[in-house]
S.K.: 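I'd like to ask some things about the structure below.
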Amino acid sequence: MEFIKDLGLKPPLSKTANSRKDFHWKIAHRICDDAGMVFVEDLNLIGLSRGMLGKHCLDAGWGQFFQILEQCCFKRGVYFQKVNSRKTSQICPNCQMETGKKDLSQHVHSCTNCGYMTNRDVAAALVVCQRGLAAVGYTVKMLGEGKFVGIPATQESSGL
């Protein structure tokens, strides 16, 4: 091993690291097969690794997965973008009102403003999707309230 390090080469990966990397590539390819655009939260991975579940966050290899996903999207022509991760689980995807901080034990998103209820993770994913689409330039029409989220809609000419 010392000989490999002296040459400036990386030592071979362990079986666990190889398995994790293979799994990340397979998931990234599956995501790219099913999507035209991919948006992920721009997470502070260093901050997460210092928390109570730090070892578990490091074991999951999120940083490596995001890099692999970005490479896979680039190769396949799928749009990839990181979006602001601030308060994604505290904002209602239906009315954009802040619902407040939730405990980890609370699994349901319930908005007191508009009455929208869904799984907490689904609500956060919808907020990430809306932020990504807004950054790209799409306007997302919310069916329930009839509100536009993202970049304001432009007036189309009546002749079209």
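Quick caveat, the model's predicted, so the values are computed rather than measured.
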S.K.: Do any pairs count as a side-chain hydrogen bond (donor to acceptor under 3.5 Å, both in side chains) and have a residue in residues 60-74, sequence neighbours left out, and if so which ones?
M.R.: none
S.K.: Pairs of donor and acceptor atoms involving the side chains of residues 72-80, under 3.5 Å and at least two apart or interchain, shall be tabulated with distances.
M.R.:
{"residue": "R76", "atom": "NE", "partner": "H29", "partner atom": "ND1", "Å": "3.2"}
{"residue": "R76", "atom": "NH1", "partner": "D33", "partner atom": "OD1", "Å": "2.1"}
{"residue": "R76", "atom": "NH2", "partner": "H29", "partner atom": "ND1", "Å": "2.8"}
{"residue": "Y79", "atom": "OH", "partner": "Q81", "partner atom": "OE1", "Å": "2.6"}

S.K.: So, taking the atom named OG in S85 and the one named CG in D42, what distance separates them when rounded to the nearest 0.5 Å?
M.R.: 6.0 Å
S.K.: Tell me every residue that passes side-chain hydrogen bond (donor to acceptor under 3.5 Å, both in side chains) with T88, counting only those two or more places apart in sequence or in another chain.
M.R.: E41
S.K.: Mind checking ring-ring contact (aromatic ring centres under 6.0 Å, His included) for F39 and listing every partner two or more places apart, or none if nothing turns up?
M.R.: none
S.K.: Would I31 and V40 show up in the same hydrophobic cluster when neighbours are defined by side-chain heavy atoms closer than 4.5 Å?
M.R.: yes
S.K.: Could you pull out all residues at least two apart from D34 that satisfy side-chain hydrogen bond (donor to acceptor under 3.5 Å, both in side chains)?
M.R.: none
S.K.: Any salt bridge (Lys or Arg N to Asp or Glu O under 4.0 Å) pairs touching residues 120-136, not counting sequence neighbours?
M.R.: none
S.K.: Could you note down all residue pairs passing salt bridge (Lys or Arg N to Asp or Glu O under 4.0 Å) where residues 77-99 supplies at least one of them, sequence neighbours left out?
M.R.: K87-E98
S.K.: Among Ile, Leu, Val, Met, Phe, Trp and Tyr joined by side-chain contacts under 4.5 Å, find the other residues sharing a cluster with M97 and list them by chain and number.
M.R.: none
S.K.: Do H109 and S89 have side chains that approach each other closer than 4.5 Å (heavy atoms only, starting at C-beta)?
M.R.: no
S.K.: Please tell me whether I27 and W25 are part of a single hydrophobic cluster in this structure, the criterion being side-chain heavy atoms less than 4.5 Å apart.
M.R.: no
S.K.: Where is the tightest heavy-atom contact between N113 and C95, given as atom of each residue plus distance?
M.R.: ND2-SG, 3.4 Å
S.K.: For the atom pair CZ (R20) and CD1 (I68), what is the distance rounded to the nearest 0.5 Å?
M.R.: 10.5 Å
S.K.: Please name all residues satisfying side-chain hydrogen bond (donor to acceptor under 3.5 Å, both in side chains) with T99, sequence neighbours left out, ordered by chain then number.
M.R.: K102
S.K.: Do M117 and C111 come close enough that some side-chain heavy atom pair is under 4.5 Å?
M.R.: no
S.K.: My understanding is that only residues two or more places apart in sequence, or in another chain, count here; which of them pass salt bridge (Lys or Arg N to Asp or Glu O under 4.0 Å) with K21?
M.R.: none
S.K.: Linking directly or through intermediates, with side-chain heavy atoms under 4.5 Å: list the remaining ILVMFWY members grouped with Y116, chain and number order.
M.R.: V122, L126
S.K.: Which atom pair, heavy atoms only, marks the closest approach of Q90 to G100?
M.R.: CG-O, 3.6 Å
S.K.: Tell me, please, which residues at least two apart from D103 pass salt bridge (Lys or Arg N to Asp or Glu O under 4.0 Å).
M.R.: none
S.K.: When hydrophobic residues are tied together by side-chain contacts of less than 4.5 Å, even through go-betweens, does F66 share a cluster with V38?
M.R.: yes
